[in-house]
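Side-chain atoms are counted along with the backbone in the values below, which use heavy atoms only and exclude waters and symmetry mates. Both ligands and their constituent atoms are indexed starting at 1 by order of listing.
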Amino acid sequence: KKGNYDHFMQKEIHEQPHSLTTTMRGRLRDNDVVLGGLKDHLKTIRHSRRIIFIGCGTSYNAALAARPFMEELSGIPVTLELASDLLDRQGAMYREDTAVFVSQSGETADTLLALEYALENGALCVGITNTVGSTLARKTHCGVHINAGCEIGVASTKAYTSQIVVMVMMALAIGADKISTQSKREAIINALPDLPNKVSEVLKLDNEMKDLAESLIEAQSLFVFGRGYNYATALEGALKVKEVALMHSEGMLAGEMKHGPLALVDETLPIIVIATHDACFSKQQSVIQQLHARNGRLIVMCSKGDASSVCPSGSCRVIEVPQVADCLQPVINIVPLQLNWR
Ligand code: UD1
Ligand code: F6R
């Protein structure tokens, strides 16, 4: 039932503090992460030559958000595959690989075909799904249910944030015996329980985002630039705009800006730059300067208190979000971009 909300999607966006709580329930204990579905397979995963994430659409974007911290915490090379592209290429897949299939429904045709392919090639197949009893859950060797609650809205929202949190927990579980990342691991484990509160905080931007969406009604197109932990936020934000506002939108890696897209920048093109505080912050500051020099119509997402350092001239629109541990920041940053494009 959608209750007081106009659409299921809107209800599911606002439900995220709760869905994230259920995703983590029973899985964080005394400075440790316990994923019942993976514990007997962690040894095999740790010995695999690479981890390949496979999915479509928003589920692929969640895997893209996971890649940086999965590599960092596991020390294993991570690659990504769009399910259809893996099948089109009949891409390389080996017995020493761990193939992780990400799917909200657990029934997406291309993802299931890619699973068949990975099983035939002898990879360890792990599922990350919201749907107990789905084909994906049944046919994978092991996996994790994201427990976000049924997702009815056609545009995926709460599943995306819960998928990322499950992949954070998975990275923590795989990397549990790595000495070099212990302090980072502890910081993330300590930050996770408060993440739902931070999501409640960012949901208060509802009216501000409505106002922003209204100001863009006449625009032909919208660019979203991100990098590092928030490259995925750019792709997923642009996907939400396409699906919900039915407006052309492109998510791009900020590092690629000068290799083509800059040619399109002028005062009519709105551009969202994600520049929350992390290791890539100063690079994003210089991207903002370059866009500014081209008179770009800038909307900057930054950490609370950073408005004047991302936009010294005061001429851009600023969306301030709460800051969390770097690898959890994509969970916060996507929320404003889910809101109010309808
Ligand atoms: C499980 C129970 C949960 C219970 C908890 C108590 C289920 C579905 N979950 O949760 O109700 O509260 O124990 O300890 O009964 N799996 C796959 N592929 C997938 C997803 C999951 O093979 O894509 C497998 C897992 O390897 C595992 C089982 O399904 O064997 C359940 O996974 P999950 O619900 O994530 O496990 P728990 O969190 O331990
Ligand atoms: C976007 C969206 C789709 C799905 C994609 C995969 O909002 O909903 O892009 O993410 O069709 O679906 P699942 O995750 O069910 O495999």
Side-chain angles (χ1 to χ4, degrees), residues 7-10 12-13 21-29 32-42 44-45 53-66 80-87 98-115 118-119 123-167 169-170 173 232-233 235-246 249 251 334 337-339 341-342:
H7 309 279
F8 279 109
M9 180 184 167
Q10 201 192 359
E12 287 161 4
I13 293 165
T21 303
T22 59
T23 295
M24 292 185 274
R25 181 164 297 146
R27 290 170 165 173
L28 299 174
R29 295 174 208 158
D32 212 357
V33 172
V34 181
L35 295 171
L38 288 191
K39 63 179 189 325
D40 297 338
H41 302 266
L42 284 174
T44 316
I45 297 173
F53 282 110
I54 300 153
C56 305
T58 292
S59 293
Y60 173 87
N61 290 342
L64 182 63
L80 299 175
E81 293 282 356
L82 285 160
S84 66
D85 187 47
L86 176 71
L87 295 163
T98 294
V100 183
F101 296 84
V102 188
S103 172
Q104 188 284 130
S105 61
E107 300 296 348
T108 299
D110 283 330
T111 306
L112 294 178
L113 287 168
L115 170 60
L119 288 168
L124 174 71
C125 294
V126 180
I128 295 179
T129 183
N130 199 23
T131 317
V132 177
S134 59
T135 310
L136 184 74
R138 285 185 287 109
K139 294 201 171 166
T140 42
H141 296 119
C142 60
V144 187
H145 290 112
I146 68 168
N147 299 338
C150 187
E151 189 174 62
I152 295 169
V154 265
S156 183
T157 54
K158 65 174 181 173
Y160 179 73
T161 48
S162 283
Q163 283 165 342
I164 296 174
V165 166
V166 160
M167 289 187 267
M169 293 191 291
M170 191 173 153
T233 311
L235 297 198
E236 177 58 11
L239 181 60
K240 292 299 91 131
V241 174
K242 279 180 201 144
E243 283 185 288
V244 185
L246 304 179
S249 181
I334 194 58
L337 305 178
Q338 294 172 332
L339 287 164
W341 297 110
R342 216 175 265 277

Colleague: Do V244 and M9 make a side-chain contact, defined as non-hydrogen atoms from C-beta onward lying under 4.5 Å apart?
Modeller: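 Yes; the side chains approach each other to less than 4.5 Å.
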Colleague: Side chains of S59 and Q104: do they bring a donor and an acceptor to under 3.5 Å?
Modeller: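 S59 vs Q104: no donor-acceptor pair found between side chains.
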Colleague: Can you name the residues that come within less than 4.0 Å of ligand 2, going by heavy atoms only?
Modeller: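 Answer by chain and number: C56, G57, T58, S59, S103, Q104, S105, T108, V154, A155, S156, K240, E243.
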Colleague: Looking at ligand 1, would R138 count as a contact under a 4.0 Å heavy-atom criterion?
Modeller: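 Flag not set, R138 not near ligand 1.
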Colleague: Check whether any side-chain N or O of E12 sits under 3.5 Å from a backbone N or O of S156 as a donor-acceptor pair, and report yes or no.
Modeller: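 No, because the side chain of E12 does not come within donor-acceptor range (under 3.5 Å) of the backbone of S156.
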Colleague: What do you think, any protein heavy atom under 4.0 angstrom from atom 8 (C) of ligand 1?
Modeller: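 Under the 4.0 Å cut-off, atom 8 (C) of ligand 1 does have protein heavy-atom neighbours.
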Colleague: Any side-chain to backbone donor/acceptor pair from N61 onto T233? Under 3.5 Å, distance only.
Modeller: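 Flag not set: sc N61 to bb T233 has no pair under 3.5 Å.
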Colleague: Please find the pair of heavy atoms, one from I146 and one from A159, that lie closest to each other, and give the distance.
Modeller: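 Smallest interatomic distance, heavy atoms only, reads CD1-O, 3.8 Å.
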Colleague: Among protein heavy atoms, which lies nearest atom 24 (C) of ligand 1, and at what distance?
Modeller: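 The protein heavy atom lying closest is G143 N, 4.0 Å.
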Colleague: Look at atom 38 (O) of ligand 1 and find which of R27, R25, H145 reaches it with the closest heavy atom.
Modeller: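 When every heavy atom of R27, R25, H145 is considered, R27 comes closest to atom 38 (O) of ligand 1.
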Colleague: Does N147, backbone or side chain, put an N or O under 3.5 Å from an N or O of ligand 1?
Modeller: no
Colleague: With a sphere of 6.0 Å drawn around NZ of K242, does it hold more than 12 non-hydrogen atoms of other residues, nucleotides or ligands?
Modeller: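 More than 12 heavy atoms, drawn from other residues, nucleotides or ligands, come within 6.0 Å of this atom.
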Colleague: Using a strict cut-off of 4.0 Å, indicate which atoms of ligand 1 neighbour a heavy atom of T129.
Modeller: 23 (O)
Colleague: How about atom 29 (O) of ligand 1: does it have a protein heavy atom within less than 4.0 Å?
Modeller: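 Given the 4.0 Å limit, the answer for atom 29 (O) of ligand 1 is yes, a protein heavy atom qualifies.
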Colleague: Of T140, V132, V102, which has the heavy atom at the shortest distance from atom 18 (N) of ligand 1?
Modeller: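 Shortest heavy-atom distance from atom 18 (N) of ligand 1: T140.
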Colleague: Please answer whether the main-chain N or O of G133 pairs with a side-chain N or O of R138 as donor and acceptor at a distance below 3.5 Å.
Modeller: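 At least one qualifying donor-acceptor pair exists.
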Colleague: Is any heavy atom of the protein nearer than 4.0 Å to atom 12 (O) of ligand 1?
Modeller: no
Colleague: For atom 17 (C) of ligand 1, which of the options G127, G26, C142, S134 provides the nearest non-hydrogen atom?
Modeller: C142
Colleague: Is there at least one protein heavy-atom neighbour under 4.0 Å from atom 35 (O) of ligand 1?
Modeller: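 Given the 4.0 Å cut-off, atom 35 (O) of ligand 1 counts as touching protein heavy atoms.
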Colleague: Verify the contact flag for atom 32 (O) of ligand 1, where contact means a protein heavy atom under 4.0 Å away.
Modeller: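 Yes, at least one protein heavy atom sits under 4.0 Å from atom 32 (O) of ligand 1.
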Colleague: Are the side chain of K158 and the backbone of G149 linked by a donor-acceptor contact shorter than 3.5 Å?
Modeller: yes
Colleague: Closest by any non-hydrogen atom to atom 27 (C) of ligand 1: pick that one out of G37, C125, G36, S103.
Modeller: G37
Colleague: Test your reading of the structure: does H141 have an N or O sitting under 3.5 Å from an N or O of ligand 1?
Modeller: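 The answer is no, given that H141 and ligand 1 share no N or O pair closer than 3.5 Å.
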Colleague: Quiz question: by atom type and distance under 3.5 Å, do the side chains of T58 and K240 form a donor-acceptor pair?
Modeller: yes
Colleague: Run through T157, L337, I164, I334 and flag the one making a side chain to side chain contact (heavy atoms under 4.5 Å, CB included) with E236.
Modeller: I334
Colleague: For a side chain to side chain contact (heavy atoms under 4.5 Å, CB included) check, start with the C-alpha distance between V100 and M167, then their side-chain angles and the critical distance, and finish with the verdict.
Modeller: CA-CA 10 Å; V100 183; M167 289 187 267; 5.7 Å; no
Colleague: Quick check: V144 and ligand 1, any N/O pair under 3.5 Å apart?
Modeller: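 No - when backbone and side-chain N and O of V144 are compared with those of ligand 1, no distance drops under 3.5 Å.
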Colleague: Counting only heavy atoms on the protein side, is anything nearer than 4.0 Å to atom 4 (C) of ligand 1?
Modeller: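 Within 4.0 Å: no protein heavy atom nearby.
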Colleague: Is a side-chain N or O of T129 found less than 3.5 angstrom from the main chain of S103, in a donor-acceptor match?
Modeller: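 Yes, T129 side chain to S103 backbone: donor-acceptor pair under 3.5 Å.
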Colleague: So, does N130 use its side chain to make a donor-acceptor pair with the main chain of A148 at under 3.5 Å?
Modeller: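 The answer is yes, because a donor-acceptor pair under 3.5 Å joins these two groups.
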Colleague: Any protein heavy atom under 4.0 Å from atom 1 (C) of ligand 1?
Modeller: no
Colleague: Taking atom types as modelled, find out whether T135 and E107 have a side-chain donor-acceptor pair closer than 3.5 angstrom.
Modeller: yes
